[in-house]
Enquirer: 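Quick one: the structure is below, and I'll ask about it shortly.
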Amino acid sequence: MKHHHKYLCLSLALLFLAGCGRGAGVNIRAGQAPKADAPGRGPHATASVMERTDPLARSGWLELFFDEASRGVSIRSHSEAEWSVLARAGSTPKSNAGACAVEADIYVNGHKITLNSQDHSVAYGSAAAAWKAIRGEDKKAAGVEVAYTLTPDAPTAARAAKKALKADDVAFLVRVRYLLLEGNFHVEADWENLNGNPGAFIATLGLMERFGALRSPGPEDFFLLPDGCGAMLYPARSPAGHTEDLRFAVYGSDLSIPGGDALHANVAAWGVRGQGAGFVAVAEQGAALCEIVARQSVSGEVPLSAVGPRFTVTPVALDAEGRAIVRAPVSYGAAKGEMFSITYRFFYGDSARFGTMATACREQLISTGILSSTKTVGGDGTLPLELTLLGTGPAKRFGQRKLTTFDQALDILTRLKNKGVNSMNVRYQSALRGGWLQSAPERLAPLLRLGGARGLEPLQDYCKAKGLTLFLDARAYSGNAWFVPKAENILGQPIRGTPRGFPWQAGRHTLPLRAASSFTRASRAILIRLGKLNTGGIALGGPGNTLYADYAGAGTARTEIAQRVDQLLPALSARWSVMLENGDFYAVRHADVIANLPLEPQVQMPGGRYVAVPLLPILLHSSADYSGAPLNLAENDAAAALALLRSISFGACPAFTLQAAETGEGDGSLAFERQLEKARDAYTRANAALAGLRGARITEYTVDAATGVIITGYSNEAKVYVNLSREAKKTKDEITVPPMDFVRIG
């Protein structure tokens with residue numbers, strides 16, 4: 001599998017080690033951590049509630065039960081499906097190990113101890129895990145709040161119960177609220193350091209990580225994961241024993257933290273199907289601090305497979321022995337009125353399948369404002385070709401070379417239009433001042449070497465006259481425009497003589513990072529500078545690819561950075577059509593077009609254990625146009641043909657990247673003409689499959705079991721059948737699909 005941002009680890013680790021001046025992190029004082037009681041003492045399982053008749057709360061078809069002995073919560077549905085915060089009781093205590101409501105990695109004087117709600121709270125008595133019923137506006141019980149006091153040992157728990165903690169005691173209160181609201185299950189958590197011990201802090205908090213854990217998964221039971229476009233992992237198809245855990249960092253690993261080796265996730269959503277029922281979950285508050293962890297353990301003493309969230313409360317830098325040496329100067333937490341929250345929606349029988357779960361996930365994201373309920377693409381007609389033109393690129397040694405002038409860009413669009421490509425979203429990269437290493441927004445202007453403002457005008461006029469949208473690439477979020485550096489904006493001081501910022505192209509160049517305090521100024525600069533240009537669109541790069549915490553001054557966590565970006569985008573989207581890259585969900589509701597949306601998972605597994613599914617396309621289709629990687633950058637023609645068919649099955653626009661300059665790989669006028677013809681052919685095929693479906697939602701995605709044909713259903717009752725094999729296939733509904741081709745019905 002691939003890991004993102006590994007190349008950041010060394011430079012950022014040095015950055016942490018450099019010391020702590022203004023804007024720096026907090027040094028960890030030397031000392032020892034208390035030895036925590038070994039896991040195993042607490043109740044890690046709860047009895048089945050199938051025969052119980054005393055739910056604490058009801059909402060819709062759901063009933064919530066509370067077990068005072070384990071402080072565990074169970075959910076029962078009308079179909080008698082059951083889900084538990086803790087594991088259902090196994091044959092031995094060890095078979096229940098690890099199941100808990102909360103698990104915290106806590107650093108004490110630089111040393112890590114791990115405490116969980118069962119072994120280090122419930123096991124110490126009722127005072128250490130006090131609870132109370134929560135009542136709604138109608139005075140009826142809506143749920144329960146459990147206050148878990150996490151301490152490393154029983155004596156500390158006793159002092160906490162008497163409110164007689166010593167100054168150097170380690171004691172954290174984690175409040176978890178379990179609620180039934182409007183037929184859904186909600187979980188909220190906040191926390192506090194009970195005695196304010198400055199040498200102790202929570203680094204990460206696992207919340208409901210094993211909710212719905214599968215002890216004996218069936219062959220069709222799966223985890224829904226936010227990997228790339230989306231993926232389903234079938235635990236029962238895994239080898240016996242424990243296989244590697246998978247970690248997906250929502251919006252990517254934080255660039256301000258060394259060791260960001262998690263996989264990238266565009267949305268904080270996941271799901272489980274087991275024993276004929278399922279759920280989909282969405283992390284709402286704290287999503288930018290969330291990692292979604294899938295654990296596969298299908299046999300042995302602890303045969304629990306599970307998927308759930310872990311949240312970063314306080315970022316830390318570690319030394320080679322794993323000791324914390326620097327921590328962020330701010331923590332995400334209840335002191336600022338912050339909490340983590342998750343919503344669960346449940347499915348039963350035939351509805352417990354991918355398409356239904358993904359659709360419900362979309363509805364939940366809309367209800368919380370993460371996705372827009374009203375934004376739709378501009379019309380249901382011709383599918384656009386997503387065309388990227390490269391203005392400049394790196395020279396062989398230093399500086400930049402021209403790749404596509406404004407005159408050449410106009411020629412390319414004219415020739416494509418003459419070949420029948422009638423609809424295009426044209427992204428013009430590295431054409432403004434600074435080129436491929438673009439300047440700050442305060443200096444944006446058309447490059448003179450490409451023709452300057454006068455040379456750009458005919459291209460803009462042509463696009464307007466022909467109904468094409470020209471997106472000038474301001475690179476506002478990818479580091480070289482929006483995030484221009486303030487030297488102390490990452491934990492620690494800068495290293496003298498070492499480039500600061502975001503390493504790019506294997507360290508050959510660095511793209512600087514902008515301090516959070518200057519976001520508003522950069523947004524205004526874009527409005528002023530690009531407002532003078534007659535362009536219909538602006539391409540802003542990929543927010544999630546460079547989402548980082550800014551610890552200059554008082555410090556700004558990732559969640560606040562995401563909120564600031566989200567607040568600044570409406571001013572830009574009101575002026576232009578907006579193109580974003582990658583599709584990270586804290587910003588997509590403002591996007592009209594999303595380029596380079598991942599249409600493949602990052603993880604590959606043999607044996608049908610890991611299957612790509614269009615989770616992101618189902619969430620986005622009809623509200624934005626999106627495309628995957630450029631087809632002409634595929635390894636060969638066969639790979640490009642396969643990628644086109646996959647993008648058709650996911651409802652995506654075809655994408656191409658072109659430049660007028662020769663690359664030195666045997667191209668010339670004839671080869672370039674072939675590139676244009678390939679773009680025309682891809683556009684024609686995709687348009688035949690998907691024209692008229694842009695404004696329709698994807699409602700179903702299935703794979704015909706006998707033939708492997710992919711069937712994508714839309715809200716207007718159209719269906720697209722895609723055959724990725726080299727033999728003709730006839731589906732169970734008598735549709736014959738030619739080899740490496742598609743058939744559209746409706």
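Positions are given from 1 along the sequence.
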Enquirer: Are V313 and L205 side-chain neighbours, meaning at least one heavy-atom pair lies under 4.5 Å?
Expert: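 A side-chain contact under 4.5 Å exists here.
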
Enquirer: Going through the checks in order, is the side-chain contact (heavy atoms from CB on, under 4.5 Å) test met by E338 and Q285?
Expert: CA-CA 8 Å; E338 298 166 333; Q285 296 190 65; over 6 Å; no

Enquirer: As a quick check of understanding, evaluate side-chain hydrogen bond (donor to acceptor under 3.5 Å, both in side chains) for H264 and D227, giving each step before the final call.
Expert: CA-CA 7 Å; H264 187 108; D227 181 6; over 6 Å; no

Enquirer: Would you confirm whether T359, through its side chain, and G355, through its main-chain N or O, come within 3.5 Å as a donor-acceptor pair?
Expert: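 Present.
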
Enquirer: Using ring pair (Phe, Tyr, Trp, His ring centres under 6.0 Å), reason through F211 and Y344 one step at a time and then give a plain yes or no.
Expert: CA-CA 10 Å; F211 180 68; Y344 298 83; 4.9 Å; yes

Enquirer: Measure across A283 and C290 and return the closest heavy-atom pair with its distance rounded to 0.1 Å.
Expert: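 Closest approach of A283 to C290, heavy atoms only: CB-SG, 4.4 Å.
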
Enquirer: Assert yes or no for the condition that the ring centre distance of F650 to Y701 is strictly below 6.0 Å.
Expert: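 Close enough - the centres of the two rings lie under 6.0 Å apart.
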
Enquirer: So which heavy atom on L615 is nearest to which on A358, and how close?
Expert: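 Distance-wise, the nearest heavy atoms are CD1-CB, 3.9 Å.
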
Enquirer: About how many Å separate OG1 of T204 and CG of D105, when rounded to the nearest 0.5 Å?
Expert: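 Answer rounded to 0.5 Å: 3.5 Å.
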
Enquirer: Would you name the heavy atoms of V272 and G212 that are closest together and state the gap between them?
Expert: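 Residues V272 and G212, closest heavy atoms: CG1-O, 3.7 Å.
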
Enquirer: Any side-chain donor-acceptor pair under 3.5 Å between Y148 and N116?
Expert: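 Note: Y148 and N116 side chains miss the donor-acceptor criterion.
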
Enquirer: Please determine which of R310, Q118, R210 meets the side-chain hydrogen bond (donor to acceptor under 3.5 Å, both in side chains) test together with E103.
Expert: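 The residue from R310, Q118, R210 that satisfies side-chain hydrogen bond (donor to acceptor under 3.5 Å, both in side chains) with E103 turns out to be R310.
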
Enquirer: Are side-chain N/O atoms of D566 and H590 paired as donor and acceptor at under 3.5 Å?
Expert: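 Distance-only check passes for D566 and H590.
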
Enquirer: Going by distance alone, is a donor N or O of one side chain under 3.5 Å from an acceptor N or O of the other, for Q364 and E284?
Expert: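 Yes, a side-chain donor-acceptor pair sits under 3.5 Å.
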
Enquirer: Using only atom types and a distance under 3.5 Å, with no angle test, would you say the side chain of D625 pairs donor to acceptor with the backbone of C653?
Expert: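 No, the answer is negative, given that no donor and acceptor are paired below the 3.5 Å cut-off.
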
Enquirer: Between I202 and F172, is the side-chain contact (heavy atoms from CB on, under 4.5 Å) condition met? List the steps.
Expert: CA-CA 8 Å; I202 298 177; F172 287 87; 3.7 Å; yes

Enquirer: Under the 3.5 angstrom rule, does the side chain of T559 hit a backbone N or O of A288 as a donor-acceptor pair?
Expert: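 Judged by distance alone, no pair lies under 3.5 Å.
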
Enquirer: Using side-chain heavy atoms (C-beta onward) and a distance below 4.5 Å, is E363 in contact with R345?
Expert: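 E363 vs R345: side chains touch.
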
Enquirer: Side chains of I342 and V282, heavy atoms from C-beta outward: is any pair under 4.5 Å?
Expert: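 Answer no - side chains too far apart.
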
Enquirer: Quick one: does L365's side chain get under 4.5 Å of V267's, heavy atoms only?
Expert: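 A side-chain contact exists here, since the closest heavy-atom pair is under 4.5 Å.
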
Enquirer: Applying salt bridge (Lys or Arg N to Asp or Glu O under 4.0 Å), run through E244 and R295 and close with a yes or a no.
Expert: CA-CA 7 Å; E244 182 181 2; R295 293 177 170 85; over 6 Å; no

Enquirer: Hey, are R175 and E188 close enough for a salt bridge, meaning a charged N less than 4.0 Å from a carboxylate O?
Expert: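 So R175 does not pair with E188 through a salt bridge.
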
Enquirer: For A360 and V280, which heavy atoms make the closest approach, and how far apart are they?
Expert: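 That closest heavy-atom pairing would be CB-CG1, 4.4 Å.
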
Enquirer: Is there side-chain contact between C100 and S117, with heavy atoms separated by less than 4.5 Å?
Expert: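 C100 vs S117: side chains touch.
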
Enquirer: Distance from L233 atom CG to S305 atom OG, nearest 0.5 Å?
Expert: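 Going from CG on L233 over to OG on S305, the span is 8.0 Å.
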
Enquirer: Check for a donor-acceptor pair, side chain of R609 on one end and backbone N or O of P606 on the other, with a separation under 3.5 Å.
Expert: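 The answer is yes, because a donor-acceptor pair under 3.5 Å joins these two groups.
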
Enquirer: Is any side-chain heavy atom of F585 less than 4.5 Å from a side-chain heavy atom of V250?
Expert: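 They are not in contact (no side-chain heavy atoms under 4.5 Å apart), so the answer is no.
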
Enquirer: Do any N or O atoms from the side chain of T314 and from the backbone of A203 form a donor-acceptor pair under 3.5 angstrom?
Expert: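 No; judged by distance alone, with no hydrogens or angles, the pair does not exist.
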
Enquirer: Would you compute the distance between atom CG of N596 and atom OG of S627 and round it to the nearest 0.5 angstrom?
Expert: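 The distance works out to 6.5 Å.
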
Enquirer: Hey, does E600 have a side-chain heavy atom less than 4.5 Å from the side chain of R646?
Expert: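 Side chain of R646 against side chain of E600, heavy atoms only: contact under 4.5 Å found.
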
Enquirer: Quick one, Y610 with F222, criterion ring pair (Phe, Tyr, Trp, His ring centres under 6.0 Å). Give me CA distance, side-chain angles, the key distance, then yes/no.
Expert: CA-CA 9 Å; Y610 206 80; F222 61 78; over 10 Å; no

Enquirer: Enter the distance from L225:CG to W270:CH2 here, rounded to the nearest 0.5 Å.
Expert: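 One finds 11.0 Å between CG of L225 and CH2 of W270.
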
Enquirer: Quiz question: by atom type and distance under 3.5 Å, do the side chains of T343 and N184 form a donor-acceptor pair?
Expert: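 Note: T343 and N184 side chains miss the donor-acceptor criterion.
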
Enquirer: Counting N and O atoms only, with roles assigned by atom type, does the side chain of D592 sit under 3.5 Å from a partner on the main chain of V578, one being a donor and the other an acceptor?
Expert: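 Yes; at least one donor-acceptor contact below 3.5 Å.
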
Enquirer: Evaluate the criterion ring pair (Phe, Tyr, Trp, His ring centres under 6.0 Å) for residue pair F340 and Y332; output intermediate values, then yes/no.
Expert: CA-CA 10 Å; F340 297 133; Y332 184 89; 5.0 Å; yes

Enquirer: Aromatic contact between W83 and F279, with the criterion being ring centroids under 6.0 Å apart: yes or no?
Expert: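 For W83 and F279, the ring centres are under 6.0 Å apart.
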
Enquirer: Is a salt bridge present between R273 and E220, judged by a nitrogen-to-oxygen distance below 4.0 Å?
Expert: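 Result for this pair is no, no salt bridge flagged.
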
Enquirer: Nearest 0.5 angstrom please: S351 OG to M357 CE, how far?
Expert: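 Between S351 OG and M357 CE, I get 9.5 Å after rounding to 0.5 Å.
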
Enquirer: Identify the heavy atoms of S622 and R697 that sit nearest to each other, and give their distance.
Expert: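 Smallest heavy-atom distance, with atoms named: OG-CG, 3.7 Å.
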
Enquirer: For a side-chain contact (heavy atoms from CB on, under 4.5 Å) check, start with the C-alpha distance between E386 and V593, then their side-chain angles and the critical distance, and finish with the verdict.
Expert: CA-CA 9 Å; E386 306 292 352; V593 181; 3.5 Å; yes

Enquirer: When you measure from the side chain of R427 to the backbone N and O of T657, does any donor-acceptor pair fall under 3.5 Å?
Expert: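 Flag not set: sc R427 to bb T657 has no pair under 3.5 Å.
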
Enquirer: Any chance you could measure H186, atom NE2, to Y178, atom OH, to the nearest 0.5 Å?
Expert: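 The distance works out to 15.0 Å.
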
Enquirer: Side-chain contact, heavy-atom cut-off 4.5 Å: F354 with E700?
Expert: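 F354 vs E700: side chains apart.
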
Enquirer: For the pair L246 and V293, evaluate side-chain contact (heavy atoms from CB on, under 4.5 Å) and give the outcome as yes or no after the intermediate values.
Expert: CA-CA 6 Å; L246 301 177; V293 184; over 6 Å; no

Enquirer: If you take all heavy atoms of P654 and L631, which pair is closest and at what distance?
Expert: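 Scanning both residues completely, I find the closest heavy atoms to be CB-CD1, 4.0 Å.
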
